[in-house]
Amino acid sequence: MTASMKPRALLSVYDKTGIVEFAKSLDSLGFELISTGGTARKLQEAGLTVIGVSEVTGHPEIFDGRVKSLHPAIHGPLLARLESEEDRIGLAELGYGPISIVACNLYPFTAAANQEPKLGDPDLLEMIDIGGPTMVRAAAKNHADVLVVVSPDDYSEVLHALSENKIDQTMRRQFALKAFRHTAQYDATVAGYLGAEEPLPDSLTLTFEKIDDMRYGENPHQRAGFYREIGGAGLTP
């Protein structure tokens with residue numbers, strides 16, 4: 001596939017809250033939209049022109065969608081260092097255009113594990129996202145060139161920054177940090193489920209989310225927050 005001159009955004013989300021509006025705004029800003037599966041269908045139904053990942057990779061989705069985006073035509077652009085002349089030449093020779101934005105959130109493993117009636121292992125294991133975390137981690141690693149967005153709550157901030165040309169390295173780093181926390185929490189939740197029967201595991205990975213800011217810490221001049229554990233053996237929502 002010949003590389004496009006337009007900036008490209010890769011959209012692949014389980015939680016589709018706000019994705020149509022986000023995509024329409026990106027389209028109006030001149031972005032070419034690449035998408036997968038249900039996200040692509042939703043955007044196309046909204047009248048947007050979308051390039052399917054299979055069109056980019058030249059390879060069909062396989063194994064009931066287990067393998068879609070795991071391909072050099074996707075991860076090459078995500079990981080190419082645009083400050084490197086060698087990487088830029090390599091992209092051009094391969095016919096790959098850079099990907100500037102990745103919007104991705106993951107299959108809701110925790111919700112699936114907590115639902116009633118309980119899912120059996122085969123069904124629940126299908127809710128372990130592979131392609132999504134791989135895209136998120138690749139984009140976050142290369143955040144100097146790729147802005148990664150893992151929460152619909154951040155779409156408006158991204159669009160404002162794009163329209164004002166204010167996406168700087170500080171913002172890129174903050175979003176990369178959020179992305180790595182997102183995948184770390186996800187992996188910890190899956191590990192908690194798989195190791196739920198271990199009374200004393202060799203390693204214990206805990207993950208917490210902040211519920212609220214406290215008025216002060218142990219002393220009045222100190223800051224503090226209230227956190228609760230998520231994931232782990234209990235898969236607490």
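Remember, predicted model here, so these are calculated numbers, not experimental data. Note that the numbering runs from 1 along the sequence shown for the chain.
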To the nearest 0.5 angstrom, please state how far the [atom1] atom of [X] sits from the [atom2] atom of [Y].
X      : Y      : atom1 : atom2 : result
Ser156 : Glu21  : OG    : CD    : 11.5 Å
Asn105 : Tyr14  : CG    : OH    : 10.0 Å
Glu209 : Arg228 : CD    : CZ    : 4.5 Å
Glu157 : Ser151 : CD    : OG    : 10.5 Å
Ser100 : Lys6   : OG    : NZ    : 13.0 Å
Lys141 : Phe180 : NZ    : CZ    : 8.5 Å

Kindly indicate, with the supporting measurements, whether the criterion side chain to side chain contact (heavy atoms under 4.5 Å, CB included) is fulfilled by Leu194 and Leu125.
CA-CA 10 Å; Leu194 293 175; Leu125 292 177; 4.2 Å; yes

With sequence neighbours left out, what residues match [X] under side-chain contact (heavy atoms from CB on, under 4.5 Å)?
X      : result
Lys118 : Glu116
Leu200 : none
Asp187 : none
Pro72  : Tyr96

Test of understanding: with side chain to side chain donor-acceptor pair (under 3.5 Å), list the residues that count as partners of [X], not counting sequence neighbours.
X      : answer
Asp212 : none
Asp121 : Tyr193
Thr39  : none
Thr17  : Asp15

Answer with yes or no whether the hydrophobic clustering places Ile62 together with Ile128; edges join I, L, V, M, F, W, Y residues whose side-chain heavy atoms lie under 4.5 Å apart.
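Yes: a chain of side-chain contacts under 4.5 Å links Ile62 to Ile128.
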
Establish whether Ile130 and Phe63 are linked, either directly or via other cluster members, by ILVMFWY side-chain heavy-atom contacts under 4.5 Å.
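Ile130 clusters together with Phe63.
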
Do any side-chain atoms of residues 73-84 form donor-acceptor pairs under 3.5 angstrom with protein atoms, and if so which ones, sequence neighbours left out?
residue	atom	partner	partner atom	Å
His75	NE2	Ser69	O	3.4
Arg81	NE	Asp87	OD2	2.7
Arg81	NH2	Asp87	OD1	3.3
Arg81	NH2	Asp87	OD2	3.3
Ser84	OG	Glu86	N	3.4
Ser84	OG	Asp87	N	3.2

Nearest heavy-atom pair of [X] and [Y]: which atoms, and what distance?
X      : Y      : result
Met127 : Tyr107 : O-CB, 3.4 Å
Met135 : Cys104 : CE-SG, 4.1 Å
Gly37  : Glu61  : N-OE2, 3.8 Å
Lys24  : Ala46  : CE-O, 3.9 Å

Counting only heavy atoms from other residues, nucleotides and ligands, does the tally under 6.0 Å from CD of Glu197 exceed 12?
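Result for CD/Glu197: open.
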
Do other residues, nucleotides or ligands put more than 12 heavy atoms under 6.0 Å from Asp123 CG?
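Yes.
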
Given side chains that start at C-beta, do those of Asp145 and Ile99 come closer than 4.5 Å, heavy atoms only?
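No - every pair of side-chain heavy atoms lies 4.5 Å or more apart.
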
Side chain to side chain donor-acceptor pair (under 3.5 Å) partners of residues 171-183, not counting sequence neighbours, each pair once:
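Every side chain to side chain donor-acceptor pair (under 3.5 Å) pair that includes a residue of residues 171-183, provided the two are not neighbours, is Asp154-Lys178.
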
Please report, to 0.1 Å, the donor-acceptor pairs under 3.5 Å made by any side chain of residues 220-227, with sequence neighbours excluded.
residue	atom	partner	partner atom	Å
Gln222	OE1	Glu218	N	3.4
Gln222	OE1	Asn219	N	3.0
Gln222	OE1	Asn219	ND2	3.3

Assess whether side chain to side chain contact (heavy atoms under 4.5 Å, CB included) is satisfied between Leu91 and Ile89, documenting all intermediate values.
CA-CA 5 Å; Leu91 278 180; Ile89 291 172; over 6 Å; no

So does Leu106 get a backbone contact from the side chain of Asp129, meaning a donor-acceptor N/O pair under 3.5 Å?
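No, the answer is negative, given that no donor and acceptor are paired below the 3.5 Å cut-off.
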
Distance-only, no hydrogens or angles: does the Ser35 side chain make a donor-acceptor pair with backbone N or O of Ser12 under 3.5 Å?
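It does not hold such a pair.
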
Residues clustered with Met171, ILVMFWY side-chain links under 4.5 angstrom
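Members alongside Met171: Leu11, Val13, Ile19, Val20, Phe22, Leu26, Leu29, Phe31, Leu33, Leu43, Leu48, Val50, Ile101, Leu147, Val149, Tyr155, Val158, Leu159, Leu162, Ile167, Phe175.
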
